[in-house]
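Working notes, structure below.
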2 protein chains.
Amino acid sequence: MSPRHSAAEAARTRERIVGAAVSEASRVGLEGLTVGSLAQRLGMSKAGLVGPFGSRERLLMAALDQACEVFRAAVTGPLDGLPPGPERLERLIDGWVGYLADCPFPGGCFVTAATSELDGRPGPLRDRLREIVASHRRALAAEVAAAQEALPGPHRPAEEVATALTGLSMAANQEIQLLGDPSAAGRARAAMRHAAGLPA
Amino acid sequence: MSPRHSAAEAARTRERIVGAAVSEASRVGLEGLTVGSLAQRLGMSKAGLVGPFGSRERLLMAALDQACEVFRAAVTGPLDGLPPGPERLERLIDGWVGYLADCPFPGGCFVTAATSELDGRPGPLRDRLREIVASHRRALAAEVAAAQEALPGPHRPAEEVATALTGLSMAANQEIQLLGDPSAAGRARAAMRHAAGLPA
DNA sequence: CCTACCGATCGGTAGG
DNA sequence: CCTACCGATCGGTAGG
């Protein structure tokens, strides 16, 4: 507890910590994030940093959830109110590529990085991430299926297109973050539109 | 130095260490690999483990190179002697998917994991990985271009197809390692063949 | 290739 | 939200 401050201040502190944790973890990974270095970066003690969460692992969980919120705000949120169909899928693709090209996380797509970091480490973090990714995949396949209904056939299976779109986002992230390839975003956008069956 | 043993024995010890390091790092990541736990797993002292390499970082570098060798032996090696063209690309895809489905690394594709782990961590490991990935990408695009010459058009740009194939391998790896989806390999194979313009 | 050690840092807790 | 600690572990080295 922090009896010297109001509940609103406590919430702000919590947000500040989570934001810094997300930023740091996008660079060094969730497992690479240490309580000591994050505390130093924020000018607080380790106890003060971990206190609001109970443990480092629960801080990491909060960071993972916050990163998903950032992804949704950047990619999925702007689609709210748009009916399912080709135009919505087209906007989703544009938003997704824009998110990768001008990424809110300094180290590149947080979810992609967390996926490959945690897939071999059983525990609550991995379980949570698995739910997140599976849910995102279901929604993506549904978007594809809805768009296909209004597009000329023949179509690839919607699940296959969802896999292709996910993969293209991962490849683009790699080309941007590791290779520094300036043509990556444009190429990914073209490939995603093609994979989705959208007109050129 | 290890004056009690022959050079051949020293080389065998070195190989044993690198093999264990690759296996361990495929689960916990290169940065997650600690000298102490690896030494304990092999029943050696920390000094004995690191000695042949000079430092932990050089042991990690040896593990990275060894992992690439494993990938090549599984995926690229079997193509030796086959002329560039559709059949060679088809075999490459089949070998790649087979490698992902029945992976020689317990934690899934080592290169994919290392890429996303190291892309935000400047240093010799990242530099080496960047070379490896860029070289692999160039070779892949060349395979695609050679196959397209013998296939009916029109074709997507070879670079775009190379990105799509790379992405599909990453998505399949995620579906297999994180989601445990038994249909991932078959779907990836179909999507890769389609992206490459190969006949169904 | 070992033991025995180095200083630094890890996540966490007691107590205020 | 702090200081002051806890035992454990980190990578590395000296010396054999």
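Below, chain A is the first sequence line, B the second, and so on; all start at residue 1. Remember, it's a predicted structure, so these values are computed and weren't measured experimentally.
In this structure, B:L33 reaches the sugar-phosphate backbone alone: every heavy-atom distance under 4.0 Å involves primed, P, OP1 or OP2 atoms, never a base. Nucleic acid contact for B:G54: none, since no nucleic acid atom lies under 4.0 Å from a heavy atom of the residue.
B:R193 places a side-chain N or O within 3.5 Å of a backbone atom of B:P199 that can act as its donor or acceptor partner. No donor-acceptor pair under 3.5 Å is formed between the side chain of B:R72 and the backbone N or O of B:G77. A donor-acceptor pair under 3.5 Å links the side-chain atoms of B:R56 to the main chain of B:L33, judged by distance alone.
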Problem set entry | B:F71 vs B:F110, ring-ring contact (aromatic ring centres under 6.0 Å, His included): CA-CA, chis, key distance, verdict | CA-CA 8 Å; B:F71 177 90; B:F110 193 101; over 10 Å; no

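In this structure, A:S55 does not reach the C:dG11 phosphate: none of its side-chain N or O atoms is under 4.0 Å from OP1 or OP2. Residue B:T34 places at least one side-chain N or O closer than 4.0 Å to OP1 or OP2 of D:dC10.
Comparing B:I17 and A:G36 along DNA chain C, the residue whose closest nucleotide (by nearest heavy atom) sits nearer the 5' end is B:I17.
Every side chain to side chain donor-acceptor pair (under 3.5 Å) that A:R156 has, sequence neighbours left out, goes to A:E160.
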For this session: With pairs defined as Watson-Crick or G-U wobble and both distances under 3.5 angstrom, please note down DNA chain D as a dot-bracket string, | for pairing with another strand.
Result: ||||||||||||||||

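Rounded to an integer number of Å, the gap from CZ of A:R56 to P of C:dT9 is 17 Å. Per the geometry, CE belonging to B:M44 stands 14 Å off C1' belonging to C:dT3, to the nearest Å. Between the CG atom of A:L59 and the C1' atom of C:dG11 there is a distance of 12 Å, given to the nearest Å.
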